[in-house]
There are 2 protein chains.
Amino acid sequence: MDQRVELRHLRYFLAVADELHFGRAAERLHIAQPALSQQIRQLEKLIGVELFTRTSRSVRLTDAGTAFRPRARDLLGRLAADLHEAGRVGRGEAGRLDIGYISSAVVILSERLRAFARRRPDVHVKLHDGFTVDVLASLEHGTIDVGIVRDAGERDDMDLLPLASERFVAVVPADHPVAGRERVEAGDLAADPLILFPRAYGPHAFDVNTAPLREAGVDVQVAQECSNWHTIIMFVATGLGVTIAPYSVTNRLPDGARRLELAGRPTESHIQMATRRSDDRPLVEAFLGRR
Amino acid sequence: MDQRVELRHLRYFLAVADELHFGRAAERLHIAQPALSQQIRQLEKLIGVELFTRTSRSVRLTDAGTAFRPRARDLLGRLAADLHEAGRVGRGEAGRLDIGYISSAVVILSERLRAFARRRPDVHVKLHDGFTVDVLASLEHGTIDVGIVRDAGERDDMDLLPLASERFVAVVPADHPVAGRERVEAGDLAADPLILFPRAYGPHAFDVNTAPLREAGVDVQVAQECSNWHTIIMFVATGLGVTIAPYSVTNRLPDGARRLELAGRPTESHIQMATRRSDDRPLVEAFLGRR
DNA sequence: CGTGATCGATAAGCTGTGCCGATGGATCAG
DNA sequence: CTGATCCATCGGCACAGCTTATCGATCACG
């Protein structure tokens, strides 16, 4: 029974309910009075109920009309708001953005988020943490819209925008023979057990950043895998082995650990913002800073 | 921008959003595919935002479309519910009924309410207590739809349906000379101070029910007005005077008061249900028991 | 790398319906 | 009784929305 009801009916109904006068209501709607009478009759027929009691001298709302009026008004208000909201979402002024990130990028991410929230206060950002592989997979799958990753390899389905770069440095126990030095040769670490992030969690990053070790003839055998930088640093501090790590995660070392520059060709590790290449949605563009 | 949006647009939008295929959606809507394409385009133009990204091989929702979909669905659902509800109100199956009543009619009112609530569980009844004059005025004014009153005079703008009738009886202090008798002549009360309901709260009831006193030659001078039957009875019990009262309010007398039949022509007091004569709304008819 | 199938957009013409102006009928004031 | 007011009804018309036919783009397949 409601299939043929249209918003026109509701708009006309509200006008008549406001004016309680078909002539004036029609005028307000910029139509002639007969057209209005017709449409109201039609609406009543569609609902199966009289909405007004009319005599040739007066128009009054029935109980049904009285009950329906606030609902109709509310409905039209909602629709207007929803259409407006849809427009804002379309223009990237509002909406939801799902961002995946790696934990060692929280600082740079939070800076970006703060600036973005100021520019787009009505955008709800949902965060998903994970390792670089997870973030890239989620991005590919569509679970997230933007990924913050470290040293992702070149991919033809994604755009990678460098956000920051930092050196990898060595971290050794304080009682290690080289602990007092400013810098260390990669070869000096050859004898020590290596504690590293699992390669599976970021194969390209692993390969790139361990390259100096391999070039120095070190056989990169991981003695202990650990997927949390802070835990890795603690392992080093307690003498379990040595590691190489992004500079930023070595800022506040515990007492038992020492940071040393790696001699030779420095390895730059890049934190990157990844998006799907086909994805040109305004919200994503906005987060990238393109508008 | 939303003036020309119609429900048709929303229905079509939802069909395409469900199917993600213009051909199938058109089929579901029983229209041809070009018509659907046109209407969707038109909606997009009205909102100012693309709702779908279409290639010749695939149709996907944009962010704006994704955001709009649940809202559009909700809107159509609400409308259907509201139309249904309006229909029920029109048929008197739901809605709100305002009932005015006098306190001495609570028993008979509560019986009626219980029966009515069983027949019309979705009708919300709002009660307004007052004196007969107030109830009649509210009814005339439209604040209430039904009034329960006592001995309203004939009125050409109202229908009065008798619900119950009862005698007026005398109530005297237990130490009154006539207290031991079964019945009393009106004249026997002539010497005692009269405690009565204010005439203004129900002039016709007052005149009708004090008529036997006047006919017996009693000069009806109200020594003490009181607008609460239980208080009046208490006054009598403490020896302040005598009263005549509807039988039903003398059912549980305090120790100091005695009830006596009034001799002579018995006065029948009527509890009546009053409605506006022009009021033929189904809910009112239903409460009257006419359907 | 052509070929057919799929699918949405576009074009052109038709049709239903929503609107208009004119008129009717009921009610009320004076 | 007369004129004014106001909603309903009637007949005609214009246009919005629908139809069929066709195009162009994309993809699967041999």
Side-chain angles (χ1 to χ4, degrees), chain A residues 1-47 49-62 64-65 72 76 156-157 277-278 280, chain B residues 1-47 49-62 64-65 69 76 156-157 277-278 280:
Chain A
M1 71 124 151
D2 56 285
Q3 273 293 36
R4 307 213 35 169
V5 173
E6 285 297 341
L7 291 179
R8 174 172 22 85
H9 294 120
L10 303 195
R11 293 192 261 258
Y12 290 4
F13 164 72
L14 286 177
V16 177
D18 285 350
E19 302 284 347
L20 290 179
H21 189 291
F22 279 76
R24 280 197 297 278
E27 197 174 347
R28 209 172 88 180
L29 294 166
H30 306 292
I31 62 172
Q33 169 261 318
L36 183 55
S37 289
Q38 278 174 30
Q39 290 298 313
I40 296 292
R41 279 228 169 277
Q42 188 178 355
L43 175 59
E44 289 174 327
K45 197 164 184 179
L46 287 167
I47 312 183
V49 153
E50 303 256 307
L51 295 169
F52 298 98
T53 55
R54 329 138 160 77
T55 71
S56 61
R57 300 305 291 177
S58 77
V59 176
R60 285 179 307 132
L61 279 163
T62 61
L76 285 181
D156 56 4
D157 60 341
R277 186 154 288 172
S278 61
D280 58 351
Chain B
M1 71 125 152
D2 56 286
Q3 273 294 34
R4 307 212 36 167
V5 172
E6 285 296 340
L7 291 178
R8 175 175 18 87
H9 293 121
L10 303 196
R11 293 191 261 257
Y12 290 5
F13 164 73
L14 286 177
V16 178
D18 285 349
E19 301 285 346
L20 291 179
H21 189 290
F22 278 74
R24 279 196 297 277
E27 197 172 349
R28 208 172 86 178
L29 294 166
H30 305 294
I31 60 171
Q33 169 261 318
L36 183 54
S37 289
Q38 278 175 28
Q39 291 297 315
I40 296 291
R41 281 228 167 276
Q42 187 178 352
L43 175 60
E44 288 174 329
K45 197 164 186 180
L46 286 168
I47 312 184
V49 151
E50 304 256 307
L51 295 169
F52 298 99
T53 55
R54 330 142 160 72
T55 71
S56 61
R57 300 304 292 175
S58 76
V59 175
R60 284 179 308 132
L61 279 163
T62 62
R69 173 139 92 127
L76 285 181
D156 55 5
D157 60 339
R277 187 154 290 170
S278 62
D280 59 349

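Throughout, a chain's letter reflects where its sequence line sits, starting with A, and its residues are numbered from 1.
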(message) What is the separation between atom CD on A/Gln38 and atom C1' on D/dA8, rounded to the nearest whole Å?
(response) 10 Å

(request) For B/Ala32, answer base if it contacts any base atom (sugar-phosphate contacts may also be present), sugar-phosphate if it contacts only those atoms, and nothing otherwise; contact means non-hydrogen atoms under 4.0 Å. (result) base

(message) So A/Arg54, base contact, sugar-phosphate only, or nothing? Heavy-atom distance under 4.0 Å.
(response) sugar-phosphate

(request) Choose from D/dA8, D/dA4, C/dC7 the nucleotide whose nearest atom is closest to any side-chain atom of B/Arg57. (result) C/dC7

(message) Tell me if a side-chain donor or acceptor on B/Gln33 pairs with a main-chain N or O of B/Gly23 at a distance below 3.5 Å.
(response) no

(request) For B/Gln42, report the nucleic acid contact type (base, sugar-phosphate, nothing); a contact means any heavy atom under 4.0 Å. (result) sugar-phosphate

(request) Rounded off to whole Å, could you give me the CD1-to-C1' distance for the B/Ile31 and C/dG8 pair? (result) 14 Å

(request) Measure the distance from CZ on A/Arg4 to C1' on C/dT17 and round it to the nearest whole Å. (result) 9 Å

(message) In whole Å, I'd like the distance from the CZ atom of B/Arg8 to the C1' atom of D/dA16.
(response) 8 Å

(message) Side chain of B/Ala35 only, heavy atoms from C-beta on: which candidate in C/dC7, D/dT19, C/dT17 is closest?
(response) D/dT19

(request) Take atom CZ of A/Phe22 and atom P of D/dT9, then tell me their distance rounded to the nearest Å. (result) 11 Å

(message) With a cut-off of less than 4.0 Å, is there a side-chain N or O of A/Gln39 near OP1 or OP2 of C/dG18?
(response) yes

(request) Can you tell me the distance, in whole Å, between the CD atom of A/Glu44 and the P atom of D/dC7? (result) 13 Å

(message) At less than 4.0 Å, is any side-chain N or O atom of B/Ser37 found next to OP1 or OP2 of C/dG8? Yes or no.
(response) no

(message) By the definition salt bridge (Lys or Arg N to Asp or Glu O under 4.0 Å), identify the one residue from B/Arg24, B/Arg11, B/Arg28 that meets it with B/Asp18.
(response) B/Arg28

(message) Minimum heavy-atom separation for A/Leu36 and A/Ala25, please, with both atom names.
(response) CD2-CB, 3.6 Å

(message) Using the side-chain heavy atoms of B/Tyr12, tell me which of these nucleotides is nearest: C/dC20, C/dT6, D/dC18.
(response) D/dC18

(request) Find the distance A/Glu27:CD to D/dT5:C1' and express it as a whole number of Å. (result) 15 Å

(request) Figure out the CD/P separation between B/Glu19 and C/dT6, and round it to whole Å. (result) 17 Å

(request) Kindly indicate whether the side chain of A/Gln39, heavy atoms from C-beta on, has any atom under 4.5 Å from the side chain of A/Gln42. (result) yes

(message) For the backbone of A/Leu7 and the side chain of B/Glu6, can you confirm whether one donor and one acceptor N or O come within less than 3.5 Å of each other?
(response) yes

(request) Check the angle between the aromatic planes of B/Phe13 and B/Phe52 and answer parallel, tilted or perpendicular using the 30° and 60° thresholds. (result) tilted

(request) Give a yes/no on whether any side-chain N or O of B/Arg41 is located under 4.0 angstrom from OP1 or OP2 of C/dA9. (result) yes

(request) May I ask you to say what A/Gln33 touches in the nucleic acid, namely base, sugar-phosphate or nothing, with a heavy-atom cut-off under 4.0 Å? (result) base

(request) From the options C/dT17, D/dC7, D/dC6, select the nucleotide whose nearest atom is closest to the side chain of A/Val59. (result) D/dC7

(message) Given D/dC7, D/dT9, D/dT26, identify the nucleotide with an atom nearest to the side chain of A/His21.
(response) D/dC7

(request) With DNA chain C as reference, determine whether B/Gly23 or A/His30 sits nearer its 5' end, using the nearest nucleotide of each. (result) B/Gly23

